[in-house]
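Below is one structure; the comments refer to it alone.
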Amino acid sequence: MKLRVPLMLIVMALALGACAGVGGGGKSVFDLEIGDCFDDPTESGEVSEVPIVDCAEPHDNEVYDAFDYDGDTFPGDDEMSATADQECQDSFEEFVGIGYFDSELYATHLVPTQESWDNGDREIICVLYEPNEKLTGSMEGAAR
């Protein structure tokens, strides 16, 4: 069994109102859906939008799952990340068709920040990628 540590951690940020209406090929992180493909954002740390790419074209990432964190109080960054790690690993095989630890693909996640939580954000988004490589085509059922 190999241990995988996500190489990138993208954090959802900014007030919900500030993320509405993104143009120029970008999409608000609050609007990402399963099957969306995107390139790494140019900024690091907290991001509000990502550059969307047609999955048939080379791209850095693909959204493969999304779920809401249960709870009324922001759990803190460490708990949020731990929950996202576990849930994203658990749902990986259903999308890709092979278990996470048997795959050449890696998983990471987008998680709410305290600020976005305070604005009602509860969604954790699971994202797959291959280190140092672009993906071409959807990885749904790819068994890679």
Side-chain angles (χ1 to χ4, degrees), residues 2-71 74-101 103-144:
K2 49 188 166 179
L3 177 62
R4 302 252 175 125
V5 177
L7 296 179
M8 66 175 197
L9 176 63
I10 304 173
V11 183
M12 288 189 215
L14 304 176
L16 289 171
C19 296
V22 189
K27 189 172 190 178
S28 167
V29 293
F30 297 102
D31 295 331
L32 287 172
E33 301 173 26
I34 295 170
D36 281 347
C37 296
F38 63 94
D39 280 334
D40 292 336
T42 55
E43 70 270 13
S44 62
E46 297 178 355
V47 296
S48 60
E49 80 175 54
V50 292
I52 293 296
V53 177
D54 184 314
C55 290
E57 300 298 322
H59 56 277
D60 295 321
N61 310 285
E62 182 174 358
V63 176
Y64 71 92
D65 196 11
F67 61 93
D68 285 342
Y69 186 94
D70 292 329
F74 184 70
D77 294 332
D78 291 342
E79 173 61 27
M80 185 68 72
S81 185
T83 298
D85 284 344
Q86 187 61 56
E87 295 293 328
C88 290
Q89 285 180 11
D90 290 349
S91 66
F92 186 88
E93 184 171 3
E94 183 177 335
F95 187 85
V96 177
I98 190 171
Y100 181 69
F101 293 103
S103 177
E104 63 192 44
L105 302 172
Y106 283 58
T108 191
H109 41 73
L110 297 107
V111 299
T113 62
Q114 176 72 60
E115 183 179 3
S116 68
W117 180 277
D118 292 344
N119 287 305
D121 179 25
R122 302 293 185 270
E123 189 172 42
I124 294 173
I125 298 172
C126 303
V127 177
L128 60 81
Y129 67 102
E130 187 170 355
N132 306 313
E133 298 283 332
K134 293 273 191 178
L135 302 170
T136 303
S138 175
M139 295 297 105
E140 185 173 11
R144 300 182 33 189

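Predicted model only: the values in this text are computed from it and were never measured.
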So CZ of Phe95 and SG of Cys126: to nearest 0.5 Å the spacing works out to 11.0 Å
Closest non-hydrogen atom pair, Ala56 against Thr136
O-CG2, 3.3 Å
SB check Lys134 Glu57 (cutoff 4.0 Å)
no
Criterion salt bridge (Lys or Arg N to Asp or Glu O under 4.0 Å) against Arg144, the qualifying member of Glu62, Glu104, Glu93:
Glu104
Asp68 atom CG, over 12 foreign heavy atoms within 6.0 Å
yes
All heavy atoms of Phe67 vs all of Ala84, minimum pair found to be CZ-CA, 4.3 Å
Would you say the side-chain atoms of Asp39 pair up with the backbone N or O of Asp60, donor to acceptor, closer than 3.5 Å?
yes
Among residues at least two apart in sequence or on other chains, which ones pass side-chain hydrogen bond (donor to acceptor under 3.5 Å, both in side chains) with Asp118?
Gln114
Is the side chain of Ser81 donor-acceptor paired with the backbone N or O of Asp77 at a distance under 3.5 Å, no angle test?
no
To the nearest 0.5 Å, how far apart are CD in Glu123 and OH in Tyr69?
15.5 Å
Go through the structure and list residues passing side-chain hydrogen bond (donor to acceptor under 3.5 Å, both in side chains) with Glu79, not counting sequence neighbours.
Thr83
Using the salt bridge (charged side-chain N to carboxylate O under 4.0 Å, His left out) criterion, which residues pair with Glu133? Sequence neighbours excluded.
none
Set of residues satisfying salt bridge (charged side-chain N to carboxylate O under 4.0 Å, His left out) with respect to Asp90, sequence neighbours excluded:
none
Taken in chain and number order and not counting sequence neighbours, the residues that satisfy salt bridge (charged side-chain N to carboxylate O under 4.0 Å, His left out) with Asp36 are Lys27
Minimal heavy-atom distance between Pro112 and Ser116, with the atoms involved, is CA-OG, 3.4 Å
Who passes salt bridge (charged side-chain N to carboxylate O under 4.0 Å, His left out) against Arg122, sequence neighbours left out?
none
Closest heavy-atom contact between Cys88 and Tyr64?
O-OH, 2.7 Å
With side-chain contact (heavy atoms from CB on, under 4.5 Å) as the criterion, how do Phe101 and Gln89 come out once you've worked through the C-alpha distance, each side chain's angles and the decisive distance to 0.1 Å?
CA-CA 9 Å; Phe101 293 103; Gln89 285 180 11; 3.6 Å; yes
Spatial distance of atom CG (Leu128) from atom OG (Ser103) [nearest 0.5 Å]:
8.0 Å
Within the supplied structure, the quantity of interest is the number of heavy atoms (other residues, nucleotides, ligands) at a distance under 6.0 Å from Asp54 CG; does it exceed 12?
yes
Students often mix this up, so state it plainly: with edges at 30° and 60°, are the rings of Tyr100 and Phe92 parallel, tilted or perpendicular?
perpendicular
With Val127, the side chain to side chain contact (heavy atoms under 4.5 Å, CB included) member among Asn61, Asp65, Leu32:
Asn61
